[in-house]
Amino acid sequence: MFSTGFTSVYSVCSDAAGVAGNLFAFVLFVSPIPTFRRILRNQSTEQFSGLPYIYALLNCLICLWYGTPLVSPGIILVATVNSIGAVFQLIYVSIFISYAENAKKLKMSGFLIAVFALFGIIVFVSLKFFYTDERRAFVGYLSVASLISMFASPLFVIQLVIKSRSVEYMPFYLSLSTFLMSLSFFVYGMLKDDPFISLPNGIGTLLGIVQLMLYAHYSSKSGESSRQPLLDSYA
């Protein structure tokens, strides 16, 4: 009886962490909207780069595949958050291609085709040559590499903050959302006993703590508030 009750509480806690991670991730997914409002208003991509959205799309697709029952049963909340993320990134990339100059349009279209081709190869190889635990490990290692690369991107922002001694390009609420999302999925991964989720999100949590500490340190000195989405800073 006690064991059943404990298992039920354990399951509720893990699901709660996953749902929280989904909510905080949604904040990150909508953060580039001001950038794309500007693109739509000016009917030009100006000096913005579409590569962050291409890479984010690939990352979401890989992690989406990892979260499906065919690869990793029992972690459907990983699949839901990344399916939503993939839709947002695809919309962003489509808008970028629509308003980019011909050279950029061709380049971005090529990258988009390459992303879907690579994802198709990953799905085919994982289904054709790997079974159960081996398939989970294969896709899991790919998702870890992709997530760690994504979480490493704030290092450039951290370097900029230290160099400029200003938090102008590190929005507080976006940094906070990134930290809370990483923390939620770190807890979710730990409760699910899934190192392919907990490891990269643990790294993301540590980087989030560093960003918040830097914000607290430099915002009191500079007195500057953030006005632009994080993606704008390297877009």
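These numbers come from a predicted model, not from an experiment.
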Just by distance, do the side chain of Asn59 and the backbone of Tyr55 share a donor-acceptor pair under 3.5 Å? no

Testing the 3.5 Å rule here: is there a donor-acceptor pair between the side chains of Asn22 and Tyr188? no

Mind checking what makes salt bridge (charged side-chain N to carboxylate O under 4.0 Å, His left out) contact with Arg135, not counting sequence neighbours? none

Among all residues two or more places apart in sequence or in another chain, which pass the side chain to side chain donor-acceptor pair (under 3.5 Å) test with Ser126? Trp65

I need the minimum non-hydrogen distance between Phe186 and Gly202, along with the two atoms involved. CD1-CA, 3.6 Å

Are Leu40 and Tyr53 connected into the same hydrophobic cluster when the rule is that any two of I, L, V, M, F, W, Y join if their side-chain heavy atoms are below 4.5 Å apart? yes

Judged by atom type as modelled, is there a donor-acceptor pair below 3.5 Å linking the side chain of Thr80 to the main-chain atoms of Leu77? yes

Residue pairs fulfilling salt bridge (charged side-chain N to carboxylate O under 4.0 Å, His left out) with at least one residue in residues 84-104, sequence neighbours excluded: none

For Ser177, all residues meeting side chain to side chain donor-acceptor pair (under 3.5 Å), sequence neighbours excluded: none

Are more than 12 heavy atoms from other residues, nucleotides or ligands located less than 6.0 Å from atom CG of Asn42? yes

Contacts of Tyr141 that satisfy ring-ring contact (aromatic ring centres under 6.0 Å, His included) - sequence neighbours left out: Phe196

For residues 105-130, pull every pair meeting salt bridge (charged side-chain N to carboxylate O under 4.0 Å, His left out), keeping only residues two or more places apart or in separate chains. none

Taking only residues two or more places apart in sequence, or in another chain, which ones meet Phe88 in a ring-ring contact (aromatic ring centres under 6.0 Å, His included)? Phe26

Pairs flagged by salt bridge (charged side-chain N to carboxylate O under 4.0 Å, His left out) wherever residues 45-70 is involved - sequence neighbours left out: Arg38-Glu46

Test ring-ring contact (aromatic ring centres under 6.0 Å, His included) applied to Phe138 - qualifying residues, sequence neighbours left out: Phe130

Excluding sequence neighbours, so at least two apart, what forms side-chain contact (heavy atoms from CB on, under 4.5 Å) with Leu191? Tyr10, Cys13, Ser14, Val187

Just grab all the ring-ring contact (aromatic ring centres under 6.0 Å, His included) pairs involving residues 97-129, residues at least two apart or on different chains. none

Do the rings of Tyr92 and Phe36 sit parallel, tilted or perpendicular, given the 30° and 60° boundaries? parallel

Going by salt bridge (charged side-chain N to carboxylate O under 4.0 Å, His left out), name the pairs with one or both residues in residues 17-33, residues two or more places apart or in two chains. none

